[in-house]
Protein chains: 2
Amino acid sequence: MIRCPHCKQVESINRAGIVRGKQRYFCKACQVHFSFPNEVHTPSLRPHQVTIVDIAEQLGISKSTVSRALRGQSDIHPGTRQAVLDVANQLDYQPNQLAHSLVKSRTNTVGMLVPEFLSSFFPKVIMSAQQVLVEAGYNVVICQSGESYETEVANARTLLANRVDGLMVSHTKETRNFDHLRTFQRKGIPVVFFNRVCEDMTVPNVTVDDYRGAFVAVEHLIQTGRRRIAHLAGPDSLPNSRNRLNGYHDALLHYGLPVDNELIISYDLTLEKVNIYVNHLLNLPHPPDALFAMNDPAAIEALRVCRSRGIRVPAELAIVGFSDDPVSELVEPSLTTVAQPMAEIGRETARLLLNALHGPVSDVPEQVMLPTQLIVRRSS
Amino acid sequence: MIRCPHCKQVESINRAGIVRGKQRYFCKACQVHFSFPNEVHTPSLRPHQVTIVDIAEQLGISKSTVSRALRGQSDIHPGTRQAVLDVANQLDYQPNQLAHSLVKSRTNTVGMLVPEFLSSFFPKVIMSAQQVLVEAGYNVVICQSGESYETEVANARTLLANRVDGLMVSHTKETRNFDHLRTFQRKGIPVVFFNRVCEDMTVPNVTVDDYRGAFVAVEHLIQTGRRRIAHLAGPDSLPNSRNRLNGYHDALLHYGLPVDNELIISYDLTLEKVNIYVNHLLNLPHPPDALFAMNDPAAIEALRVCRSRGIRVPAELAIVGFSDDPVSELVEPSLTTVAQPMAEIGRETARLLLNALHGPVSDVPEQVMLPTQLIVRRSS
DNA sequence: CTGTTAGCGCTTTCAC
DNA sequence: GTGAAAGCGCTAACAG
């Protein structure tokens with residue numbers, strides 16, 4: 001009698017052919033295929049985990065000696081060391097990092113709090129930060145909050161309970177209260193911000209020059225003849241958004257163009273809102289001839305709105321994004337955007353954290369601001 | 001005297017204006033902006049971490065009582081509990097998960113090994129798996145290996161040393177030896193494979209019906225009049241690749257088309273190779289009129305090659321990808337592709353792991369195969 | 001209801 | 001060189 005592993009029903013099961021000698025089944029209710037292997041799995045209870053005491057006993061020596069041998073300390077008889085290593089190997093000994101961390105009160109692990117990792121920005125930053133940190137002997141554990149403040153707080157608690165040695169943070173768009181991060185500071189655990197930084201906390205941080213990036217982007221639009229430039233801004237809670245908005249604003253002023261508040265809309269970083277707002281802008285009596293968006297996903301969504309309305313880009317509306325997501329090169333027309341040095345952001349964040357971790361930090365916290373670069377493509 | 005935090009030089013520093021009252025600097029050598037905050041950071045050594053003993057002493061009770069109160073056990077005087085909670089709060093007590101895990105010999109943490117997370121596939125799978133697992137009270141730590149076998153082995157060692165309670169794995173394209181994963185099995189730590197599964201290990205796993213997905217994709221090309229269909233296959237080491245290749249193969253046979261080995265090229269999942277191979281295919285005396293690619297990034301790279309060579313898609317070459325990466329909808333022309341239910345893969349993987357974690361698993365390991373869906377767009 | 005004791009697996013004095 | 005003993009912070013019997 002075959003039972004669907006999902007809905008536990010028996011009636012809805014059909015045989016679905018044989019693949020590599022195995023009968024496959026299909027549950028009509030769940031629309032799911034499944035099968036069972038031939039070999040039988042014998043799930044013993046968790047067996048005894050071998051410890052240094054096991055090694056010590058087998059060798060008739062003390063566990064201190066085993067500990068020393070395993071760590072390759074100097075004051076140890078070469079023969080003893082080899083014997084320990086051999087037995088450890090033979091017993092398939094795996095050191096217990098928990099016990100080690102407990103006694104050393106350091107875990108060699110650092111945490112990273114990010115708001116999401118669906119766009120390419122955070123994965124790239126994570127990878128380069130990780131590379132630097134792993135090389136320095138640290139493990140990196142990544143927590144993503146899905147832009148939810150509550151999840152971020154929960155993640156921070158978990159990392160704290162697990163006694164990470166340090167923390168890298170790019171907070172959610174909802175985060176206004178930073179107590180969960182101040183706790184780390186109070187406990188003497190170094191915190192480094194990147195990308196989205198808290199201006200009220202005195203910690204090292206890594207940002208890009210959002211102001212300048214936005215300024216140059218808008219300048220480019222002006223120099224290519226645009227006069228009514230709209231801005232899809234990010235949430236006011238993010239310094240990022242504010243800096244880009246300021247850059248936009250100052251570029252208009254600098255070139256003597258009026259700042260029309262009707263053309264500035266700040267949204268919550270969800271694509272549905274982009275859709276609504278872009279349509280709204282296009283429906284204006286005097287619609288904009290250009291759009292500078294907070295980020296690439298927004299710009300690309302704007303592109304789609306234009307496509308669906310038959311509005312030609314860039315002829316009728318020029319569009320510029322921010323970040324240089326790999327997608328921006330692939331869309332049609334390809335997207336002009338302000339590139340951020342993602343790998344460098346990661347490396348710098350890792351470097352600042354290592355500084356804080358290693359040195360008895362005698363300096364004021366360092367704040368790194370990386371340059372951006374305008375990449376002109378066909379959407380402008 | 002200002003020193004560049006990167007190159008440590010003094011000569012290459014320029015002042016770069018004042019932002020929000022702070023002097024900013026620019027290092028010509030490193031092309032980097034930086035600044036220092038006003039407030040001075042006093043980096044004390046790591047302060048004493050408060051423990052249940054501290055709470056016990058302050059209250060003049062035993063630490064067992066504190067432990068019980070904190071965990072909300074039943075046999076405790078409500079007054080005592082409240083007092084403990086108050087002091088814990090006042091002292092900013094944070095439980096030490098390491099100590100807890102050590103004594104319980106379980107960490108409530110599960111590991112996830114993925115080959116990369118730059119494409120959208122793994123992030124999506126991770127997110128949905130995480131959701132299920134967090135709800136069940138587990139933390140998830142994610143390790144990405146960048147498709148490097150050595151990194152995967154190192155990650156596995158770390159997770160083992162940190163005594164994860166369970167493991168979810170999608171291995172690298174290089175992985176042929178699975179000893180690092182068998183170790184978990186031997187130690188009684190449940191392992192679940194997903195997406196890229198090891199056929200030699202008797203563990204639960206989650207896959208999609210690659211064979212059928214490929215078959216349907218090629219069938220679609222045939223039914224829309226294509227006769228010379230090329231296949232850009234993945235590495236032979238991945239069952240994924242082999243199943244998709246088989247689906248391609250059988251579809252041709254089923255419709256009475258010849259299988260031309262010249263049109264089947266297997267590549268190593270790097271985009272540079274895609275470029276070379278697609279060009280090679282297009283240079284053939286009898287070039288293909290359609291291409292079925294192992295995955296969306298490859299298909300999109302093929303699209304770019306065509307664009308740069310002025311080859312019209314789909315008129316001259318129809319292209320079909322695999323996975324339904326969000327990008328595939330955005331490229332021009334939009335990409336026909338075989339969608340994988342990423343969220344469901346994650347959920348199922350998490351479910352299988354929870355089963356193994358909770359139940360004393362009395363069954364044979366379950367193998368789930370999820371259906372795919374052909375999404376026809378403009379590239380075919 | 002609460003305290004005492006032992007111990008999770010490891011490192012670290014301090015003797016010998 | 002090596003061992004004995006104490007302790008990292010917490011939980012879990014077992015008494016009372």
Side-chain angles (χ1 to χ4, degrees), chain A residues 46-85 87-88 91-109 160-165 187-189, chain B residues 46-85 87-88 91-109 160-165 187-189:
Chain A
R46 191 87 69 88
H48 169 73
Q49 308 288 325
V50 5
T51 74
I52 54 171
V53 176
D54 297 313
I55 301 177
E57 281 174 354
Q58 174 141 351
L59 253 41
I61 60 178
S62 80
K63 62 175 180 175
S64 327
T65 304
V66 174
S67 172
R68 285 190 272 252
L70 252 19
R71 276 173 299 144
Q73 284 193 342
S74 47
D75 284 4
I76 190 110
H77 187 91
T80 313
R81 191 211 315 283
Q82 195 52 54
V84 168
L85 260 31
V87 173
L91 259 37
D92 194 15
Y93 168 77
Q94 302 292 143
N96 187 325
Q97 175 69 34
L98 298 172
H100 181 271
S101 296
L102 183 58
V103 49
K104 304 284 280 187
S105 41
R106 61 197 301 276
T107 52
N108 290 316
T109 299
L160 192 56
N162 282 289
R163 296 294 189 267
V164 290
D165 294 334
K187 306 262 174 205
I189 300 169
Chain B
R46 191 88 69 88
H48 169 73
Q49 308 288 324
V50 5
T51 73
I52 53 171
V53 176
D54 297 314
I55 300 177
E57 282 174 353
Q58 174 141 349
L59 252 40
I61 60 179
S62 81
K63 62 177 180 174
S64 329
T65 304
V66 175
S67 171
R68 284 188 274 252
L70 252 18
R71 275 172 300 145
Q73 284 194 342
S74 46
D75 285 4
I76 190 109
H77 187 91
T80 313
R81 189 208 320 281
Q82 195 52 55
V84 168
L85 261 28
V87 174
L91 260 37
D92 194 16
Y93 167 78
Q94 300 293 144
N96 187 326
Q97 174 68 34
L98 298 172
H100 182 270
S101 296
L102 183 58
V103 49
K104 304 284 278 187
S105 38
R106 58 197 301 277
T107 52
N108 290 316
T109 299
L160 192 56
N162 282 289
R163 296 295 188 266
V164 290
D165 294 334
K187 307 260 175 205
I189 300 168

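Chain letters run A, B, ... following the sequence lines, proteins first and then strands; every chain starts at 1.
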Exercise. Mind checking side-chain hydrogen bond (donor to acceptor under 3.5 Å, both in side chains) for B:Ser64 and listing every partner two or more places apart, or none if nothing turns up?
Key: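 B:Ser64 satisfies side-chain hydrogen bond (donor to acceptor under 3.5 Å, both in side chains) with no other residue.
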Exercise. To the nearest 10°, let me know how far the axis at one end of the helix from C:dC1-D:dG16 to C:dC16-D:dG1 is tilted from the axis at the other, five pairs an end.
Key: 40°
Quiz item: Sequence neighbours excluded, which residues qualify as side-chain contact (heavy atoms from CB on, under 4.5 Å) partners of A:Thr109?
Solution: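 With sequence neighbours excluded, A:Thr109 shows a side-chain contact (heavy atoms from CB on, under 4.5 Å) to A:Thr107, A:Asn139, A:Val141, A:Val164, given in chain and number order.
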Quiz item: Where each residue is assigned the nucleotide of DNA chain C containing its nearest heavy atom, which of B:Thr80 and A:His100 is assigned the position nearer the 5′ end?
Solution: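 Looking at the nearest nucleotide for each, B:Thr80 comes out on the 5' side.
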Take atom [atom1] of [X] and atom [atom2] of [N], then tell me their distance rounded to the nearest Å.
X        : N     : atom1 : atom2 : result
B:Leu102 : D:dG9 : CG    : P     : 12 Å
A:Leu160 : D:dG9 : CG    : C1'   : 15 Å
A:His77  : D:dT2 : NE2   : C1'   : 12 Å

Self-check item: Contact boundaries on DNA chain C for chain B, cut-off under 4.0 Å to non-hydrogen atoms
Solution: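 Result: C:dC1 to C:dG9.
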Quiz item: Only one of B:Val87, B:Leu85, B:Val84 forms a side-chain contact (heavy atoms from CB on, under 4.5 Å) with B:Val66, so which one is it?
Solution: B:Val84
Grab the N/O contacts between the protein and nucleotides 12-16 of chain D below 3.5 Å, and write none if there aren't any.
| unit_1 | atom_1 | unit_2 | atom_2 | d |
| --- | --- | --- | --- | --- |
| D:dA12 | OP1 | B:Lys104 | NZ | 2.6 |
| D:dA12 | OP2 | B:Arg71 | NH1 | 3.0 |
| D:dA12 | N6 | B:Ser64 | OG | 3.2 |

Practice problem: Output yes when at least one side-chain N/O atom of A:Thr65 is less than 4.0 Å from OP1 or OP2 of D:dG3, else no. | Solution: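 Yes, because at least one side-chain N or O of A:Thr65 sits under 4.0 Å from OP1 or OP2 of D:dG3.
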Self-check item: Residues within residues 48-60 of chain B bordering DNA chain C, heavy-atom distance below 4.0 Å
Solution: none
